[in-house]
Amino acid sequence: MDIGFLIIAGLVFIGLLILFSIVPIGLWVQAWASGVRVPLTTLIGMRLRRIPPARIIYPLINATKAGIPVELDKLESHYLAGGNVDRVVNALIAAQKAGINLSFDRAAAIDLAGRDVLEAVQVSVNPKVIQTPMVAAVAKDGIQLLATARITVRANIDRLVGGAGEETIIARVGEGIVTTIGSAQSHKEVLENPDLISKTVLDKGLDAGTAFEILSVDIADVDVGKNIGAQLQIDQAEADKKIAQAKAEERRAMAVAAEQEMRARVEEMRAKLVEAQAAVPMALAEALKSGRMGVMDYYTLKNIEADTDMRESLSKAAGEEEKEES
C-alpha cells in the first residue's frame, strides 16, 4: 500500500512539473494581479509557438500600467518579425510622457528598420550634439582655414524610416563650411565673423531628407592653415623654372652641335687647303718642265716666300714683346 502511494505521488509530482513547465502559472497570476487579463490558453499557445511568454507579458504589463492600449497579437507579431518588444513599449511610454504622438505601428516600423526607437524618442526630447571632424577649406585669397562645428539636432519621428543618418548631416554641414569659406574674399572675413558659416549652413536646409532636424550649427573652432595660394605660386614658379632650364639645355645642346659642325667644316677646309698646297710643287715642276716658267722666276718666287715668312716671324715676335710689356 505504501509503495503504491509513493508511486502515485511521484507520478503526480512529475505531472505537476511538466504542467508548470508548459503552463506559466506564475506569470499568469502576475498578469492578472497587474490588471492584464490574459487567458491561460493564450500563454500555452505562446509556448507552442516558441514565444517566451515573459517577453510579451512583461511589456504588456508596462504598457497597461502606463495607460497605453496595446494589442497582444501585435506584440507577438512584432516579436516573431524579429523586433524588440521591450524597446518599442518603452519608446511608447517615453513618447507619451513627452507628449509626442507615436503609434505602436510607427514605433514597430522604426524598430524593424534597424533604428533604436527609444533613443530616437530620447533625442527628440533631449536634442543631441554632433561634432564634425576638422574641415579644411581655402578662401579666395589663398589662405587655408580649418574649422570644426557642433550641430545640435533633434530626431524627427516622422522621417526615421527612410531618413538619412548622422553621417549625411556631417557631410552636408562640411560641404556648407567649404562653400562659405571658399566664397569669402579674404580669410579674415571668416575669422572676424564665423557666424557667416552658421547662417549659410542653416539657410541651405541641410536636414531635408534626413531623420533629424537641425536646431543650430555652432562653429567650435577656426584655425589658419597653410598659404595654399603662395604654395601654388611657388610650385608654378618651380615648374616654369624647370621648363626654362629644359629649353636652355636644349638650346645649349643645339649650340654645341652647331659648334662641332663648324669645327668639322674648318677641319674640312684645312684638309682642302693642305691638299691644294700639296699640288703647288707639282704645278711648279710641270711649269718648269714645259717651259712656261723659268729658273729665275722660280728663284724669285722662293725669295718672296722667304720674305713673307720673315715678316710673319717679325710680327709674331713684336706681338709677344707687347704682351710681355703689358
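Quantities reported herein were computed from a predicted structural model and do not represent experimental measurements.
Annotation for Gly182 and Lys140: closest pair O-CG, 3.5 Å, computed over non-hydrogen atoms. Minimum interatomic distance between Ala147 and Val222 (heavy atoms only, all atoms of both residues): CB-CG2, 4.2 Å. Looking at every heavy atom in both residues, Ala81 comes nearest to Leu112 through O-CD2, 3.8 Å. Of all non-hydrogen atoms in Asp218 and Ser198, the two that sit nearest each other are CA-OG, 4.3 Å. Heavy-atom minimum distance, Val70 versus Ala63: CG2-CB, 3.8 Å. Annotation for Asp141 and Ser186: closest pair OD2-OG, 3.3 Å, computed over non-hydrogen atoms.
Contacts classified as ring-ring contact (aromatic ring centres under 6.0 Å, His included) and involving residues 68-101 (residues at least two apart or in different chains) are not found.
Taking Arg87 as the reference, Asp111 meet the side-chain hydrogen bond (donor to acceptor under 3.5 Å, both in side chains) condition, with sequence neighbours excluded.
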Show your working on salt bridge (charged side-chain N to carboxylate O under 4.0 Å, His left out) between Lys74 and Asp105 and close with a plain yes or no. CA-CA 9 Å; Lys74 288 187 176 182; Asp105 293 337; 3.6 Å; yes
Assess whether salt bridge (charged side-chain N to carboxylate O under 4.0 Å, His left out) is satisfied between Glu261 and Arg265, documenting all intermediate values. CA-CA 6 Å; Glu261 184 178 356; Arg265 289 184 179 180; 3.1 Å; yes
Give the intermediate values and the outcome of side chain to side chain contact (heavy atoms under 4.5 Å, CB included) for residues Thr210 and Arg172. CA-CA 11 Å; Thr210 66; Arg172 290 181 180 180; 3.6 Å; yes
Would Val89 and Ile93 satisfy side chain to side chain contact (heavy atoms under 4.5 Å, CB included), going step by step from the backbone distance to the final call? CA-CA 6 Å; Val89 172; Ile93 296 172; 4.0 Å; yes
Trace of the salt bridge (charged side-chain N to carboxylate O under 4.0 Å, His left out) decision for Glu275 with Lys272: CA-CA 5 Å; Glu275 183 180 359; Lys272 290 182 179 180; over 6 Å; no
For side chain to side chain contact (heavy atoms under 4.5 Å, CB included), just list the numbers for Ile214 and Thr152, CA-CA rounded to whole Å, side-chain angles, deciding distance to a tenth of an Å, and then say yes or no. CA-CA 6 Å; Ile214 297 178; Thr152 304; over 6 Å; no
Dump the intermediate steps for side chain to side chain contact (heavy atoms under 4.5 Å, CB included) on Lys128 and Arg154, then the final yes or no. CA-CA 6 Å; Lys128 180 180 181 180; Arg154 180 171 57 197; over 6 Å; no
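Both Ile56 and Trp32 are assigned to one and the same hydrophobic cluster, defined by single-linkage of ILVMFWY side chains at heavy-atom distances under 4.5 Å. There is a path of hydrophobic side-chain contacts, each under 4.5 Å, that joins Val117 to Leu80. Leu118 is not connected to Ile68 by any chain of hydrophobic side-chain contacts under 4.5 Å among Ile, Leu, Val, Met, Phe, Trp and Tyr, and they are in different clusters.
A salt bridge between Arg263 and Glu259 is present, with a side-chain N of the basic residue lying under 4.0 Å from a carboxylate O of the acidic one.
The closest side-chain donor-acceptor pair between Asn193 and Glu189, if any, does not fall under 3.5 angstrom. There is no side-chain donor-acceptor pair under 3.5 Å between Asp221 and Thr148.
Val85 has its side chain out of reach of Arg55: every pair of non-hydrogen atoms, C-beta onward, lies at least 4.5 Å apart. Side-chain contact between Val138 and Ile181 is absent, with no heavy-atom pair separated by less than 4.5 Å. Between Ile151 and Phe212 the shortest side-chain heavy-atom distance does not fall below 4.5 Å. Here the side chains of Ile130 and Ile170 are in contact, with some heavy-atom distance below 4.5 Å. Side-chain contact between Val153 and Pro127 is absent, with no heavy atoms from C-beta onward closer than 4.5 Å. For the pair Val224/Leu145, a side-chain contact is recorded, criterion being any heavy-atom separation below 4.5 Å from C-beta on. Between Leu75 and Glu71, every side-chain heavy-atom pair lies at or beyond the 4.5 Å cut-off. Val178 is listed as a side-chain neighbour of Val135, based on a closest heavy-atom distance under 4.5 Å.
Atom CD of Gln96 is surrounded by more than 12 heavy atoms from other residues, nucleotides or ligands within 6.0 Å. The number of heavy-atom neighbours closer than 6.0 Å to CG of Asp240, taken from other residues, nucleotides and ligands shown, is above 12. Applying the 6.0 Å contact sphere to CE of Met310 captures more than 12 heavy atoms from other residues, nucleotides or ligands. By the 6.0 Å contact criterion, CE on Met254 is open, its count of non-hydrogen atoms from other residues, nucleotides or ligands being 12 or less.
Atom CG of Leu72 sits about 5.0 Å away from atom CD of Glu76, to the nearest 0.5 Å. Here the straight-line distance linking atom CD1 of Ile177 with atom CG of Leu146 works out to 11.0 Å at 0.5 Å rounding. Residue Arg311 holds its CZ atom at 4.5 Å from CG of Asp307, rounded to the nearest 0.5 Å. Atom OG1 in Thr180 sits 11.5 Å away from atom NZ in Lys199 (nearest 0.5 Å). The structure places CG of Asn62 at 11.5 Å from CG of Leu92, a figure rounded to the nearest 0.5 Å. Here the CD atom belonging to Gln236 is positioned 14.5 Å from the NZ atom belonging to Lys241, to the nearest 0.5 angstrom.
Between the side chain of Asn126 and the backbone N or O of Gln122, no donor-acceptor pair lies under 3.5 Å. Between the side chain of Ser124 and the backbone N or O of Ala120 there is no donor-acceptor pair closer than 3.5 Å.
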